[in-house]
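Just so you know, residue 1 is the first one in the sequence shown, and it goes up from there.
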Amino acid sequence: MKQIFKKFAAMLTAFTMTAGISVTTWAEETNTHLQINGETIVFDNLQPINRQNRVFVPFRDTLEKMGAEISYDDAQHLTTATRGNTTLKFHPGETTVTVNKNGTEETIETSMVISSGNTYVPIRFLGETFDYPVGWDDAQKTALLIDTDKMLADAGSFSIMNRYIQYCNTFAQQPYVFKGTFSFELNMPYDETARELMPITGSGTMEGISEQDKVNMALAMQLNTEGLKNYIATQAPDEETAQTANSIVTALENVQVNYITDMSTGKIYFQSPMFALTGMDGEAWYYMDLNEMYADMGMDIDFSELMETIKGNNFDFESYLKDTLQTIPLTSVNDYDAFQQSAAVFINLFGDSAFQQQADGYVSHFDFSKDGTDLNFTLKILGSDEAITGYNMDISAGMSGTNYVTATASQNNTDSTVVFQLNIPDMLTVLFNCGMTMEPTDQTALSEPSGTVINIMDMMTNME
């Protein structure tokens, strides 16, 4: 269950279209298998092939197993595959494929292979084109596909969550300025044997502008460093180390950090005078390119396309759910059961049948207890049949009746709060509070800063 909710926290979607061109004939075929929805597919004649660690499957046979309708226009020499709202077209012998999904058409170069007159296509391309999560079991030499449409066919409606998404989209229709305050308290032991906890407390303010997929924010924090200085005084091995540590701690007493994020480009910029303590430029802006980071991990995520999908009129909670399920790793022929459990958790939390209507909204509650692990989740969508006005959410997790983590979050139109607590007896306690309010503005948010801009990934590469 811990893995399910670890995956649940993961809310990123990857639509990866395999690149590269290959039209050739194979000298041999390897013993490769295909599993769809936990069942190994038995092909009549042609078999999947593993070539240079890429799985290719017979086009017609595989798509028919996926529930697609296949047709061939002899006059145009055109093959068409249709499943749901997605249509794939190509001319046999060519590598260009036209994909029409939800009325949007795209031409893609893919690595189709012709073997003995038969067309093979990369299984990942097929799966992701038709919204099937794709995986690979290396031990069993088996490609894995899961039909999320079929899995969610009996899930019922998500109309309450769809209304909540529409409510959230109203805040993207114009820029908002926001202001907020936060405070935190961290307690941890002086050393491994001490029972006395060292307190570190702080507070601060944040303000900025939010506009669709862009956020500009200035954060100022004041840190109470008395506990840290006491720790240094008792634990530093020599005077020189103590002086260095104290100078750093003193600099942390007042921290200023500026942020600019633009999720349509996948870039996050940050700037702070305290960077100078590490030899960096305290006036320059440093940025991370999420597209670049995910590419380095082998994940082809286009944040511009992702944000357009999220902002599109056709985006609903079921689409969000399918995208979330796409992020669950599939590495074993035995993963299908866990995948079903993950989907069931979403349905039991967010499906219309999970909510009970109350005077001021709709409440969904979920309790889980297994092997001493307890998890409680409550979501309340505030409002009525006429209008949604916000939400309240409560989460707690622990073991054997003791809560180690509790979190609450709420939004009521333009006001929101977050409270997070972590309590591991004799080891660590954390308390974080945040409150924020926002209002419409005529100002616009920046998508990138001016002045010196440095790619932090380049810095890390140069340090290697």
Side-chain angles (χ1 to χ4, degrees), residues 14-137 140-150 300 322 326 330 333:
F15 294 100
T16 307
M17 297 302 179
T18 307
I21 302 175
S22 176
V23 179
T24 185
T25 301
W26 282 322
E28 61 180 3
E29 300 179 355
T30 59
N31 186 26
T32 303
H33 309 284
L34 174 63
Q35 183 192 87
I36 299 180
N37 294 338
E39 297 183 5
T40 300
I41 301 302
V42 178
F43 292 91
D44 294 333
N45 297 307
L46 305 177
Q47 299 297 320
I49 303 173
N50 190 330
R51 182 172 186 255
Q52 297 179 345
N53 295 321
R54 297 181 65 194
V55 177
F56 294 78
V57 292
F59 177 83
R60 174 180 289 273
D61 290 355
T62 302
L63 276 170
E64 287 179 346
K65 299 291 186 182
M66 295 170 64
E69 295 183 2
I70 314 296
S71 62
Y72 180 73
D73 187 323
D74 189 58
Q76 299 186 58
H77 194 52
L78 180 68
T79 296
T80 301
T82 301
R83 181 182 181 277
N85 55 15
T86 301
T87 300
L88 184 155
K89 297 181 179 181
F90 72 97
H91 297 278
E94 297 182 3
T95 59
T96 301
V97 178
T98 300
V99 176
N100 188 308
K101 182 177 295 188
N102 295 320
T104 301
E105 192 165 275
E106 182 179 9
T107 301
I108 302 168
E109 286 286 343
T110 187
S111 300
M112 292 189 294
V113 175
I114 306 300
S115 179
S116 302
N118 298 297
T119 300
Y120 288 77
V121 292
I123 188 63
R124 185 166 295 277
F125 167 75
L126 274 191
E128 293 177 353
T129 297
F130 290 94
D131 297 326
Y132 277 61
V134 184
W136 171 250
D137 184 329
Q140 300 295 324
K141 303 302 178 187
T142 301
L144 312 169
L145 289 179
I146 294 181
D147 184 352
T148 53
D149 285 333
K150 184 176 181 180
D300 184 11
K322 290 179 182 178
Q326 289 268 7
L330 297 176
V333 294

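Of all non-hydrogen atoms in M66 and L126, the two that sit nearest each other are CE-O, 4.1 Å. Listed here is the closest heavy atom pair of T95 and E109: OG1-OE1, 2.9 Å. For Q140 against T142, the heavy-atom pair with the smallest separation is O-OG1, 2.9 Å. Taking all atoms of both residues into account, the shortest heavy-atom contact from T80 to K89 is OG1-CG, 3.6 Å.
Looking only at atom types and distance, the side chain of E69 has no donor-acceptor partner in the side chain of T82 under 3.5 Å away. When only modelled atom types and interatomic distance are considered, D73 and Q76 share a side-chain donor-acceptor pair under 3.5 Å.
The CD1 atom of I41 sits 5.5 Å away from atom CG of L34, with the distance rounded to the nearest 0.5 Å. Distance check, rounded to the nearest 0.5 Å: CG of L78 to CD of E94 gives 9.5 Å. Here the NE2 atom belonging to H33 is positioned 10.0 Å from the CG atom belonging to D137, to the nearest 0.5 angstrom. T86 contributes atom OG1, which lies 4.5 Å from atom NZ of K101 (distance to the nearest 0.5 angstrom). Distance check, rounded to the nearest 0.5 Å: CG of N102 to CG of N85 gives 4.0 Å. A distance of 5.5 Å separates CD1 in I108 from OG1 in T129, rounded to the nearest 0.5 Å.
Partner of Y132 under the side chain to side chain donor-acceptor pair (under 3.5 Å) criterion, chosen from R83, R124, Q326: R83. Checked against K322 for a side chain to side chain donor-acceptor pair (under 3.5 Å), the options D149, T148, D131 give a single hit: D149.
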Apply side-chain contact (heavy atoms from CB on, under 4.5 Å) to residues N53 and W136 and explain how you reach the verdict. CA-CA 10 Å; N53 295 321; W136 171 250; over 6 Å; no
Could you go through the side-chain contact (heavy atoms from CB on, under 4.5 Å) check for D147 and F130 one step at a time? CA-CA 9 Å; D147 184 352; F130 290 94; over 6 Å; no
Before giving the answer on side-chain contact (heavy atoms from CB on, under 4.5 Å), spell out for T98 and E106 the whole-Å C-alpha distance, their side-chain angles and the decisive distance to 0.1 Å. CA-CA 6 Å; T98 300; E106 182 179 9; over 6 Å; no
Checking V97 against T107 for the side-chain contact (heavy atoms from CB on, under 4.5 Å) test, could you report, in this order, the C-alpha distance in whole Å, the side-chain angles of both residues, the deciding distance, and whether it holds? CA-CA 6 Å; V97 178; T107 301; over 6 Å; no
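Using a 4.5 Å heavy-atom threshold, the side chains of T62 and I123 count as touching. Between L144 and V333 the shortest side-chain heavy-atom distance falls below 4.5 Å. P48 is listed as a side-chain neighbour of F43, based on a closest heavy-atom distance under 4.5 Å. The side-chain heavy atoms of F59 and T79, taken from C-beta on, include a pair separated by under 4.5 Å. Here the side chains of T87 and V99 are not in contact, with every heavy-atom distance at 4.5 Å or above. Looking at heavy atoms from C-beta onward, Y72 lies in side-chain contact with P92 at the 4.5 angstrom threshold. Annotation: side chain of L330 is in contact with side chain of P133 (closest heavy-atom distance under 4.5 Å).
Within 6.0 Å of atom CD in E39, 12 or fewer heavy atoms from other residues, nucleotides or ligands are found, so the atom counts as exposed in its surroundings. Counted within 6.0 Å of NZ on K150, heavy atoms from surrounding residues, nucleotides or ligands total 12 or fewer; the atom is thus considered open.
Using modelled atom types, one side-chain atom of H91 and one backbone atom of H77 make a donor-acceptor pair closer than 3.5 Å.
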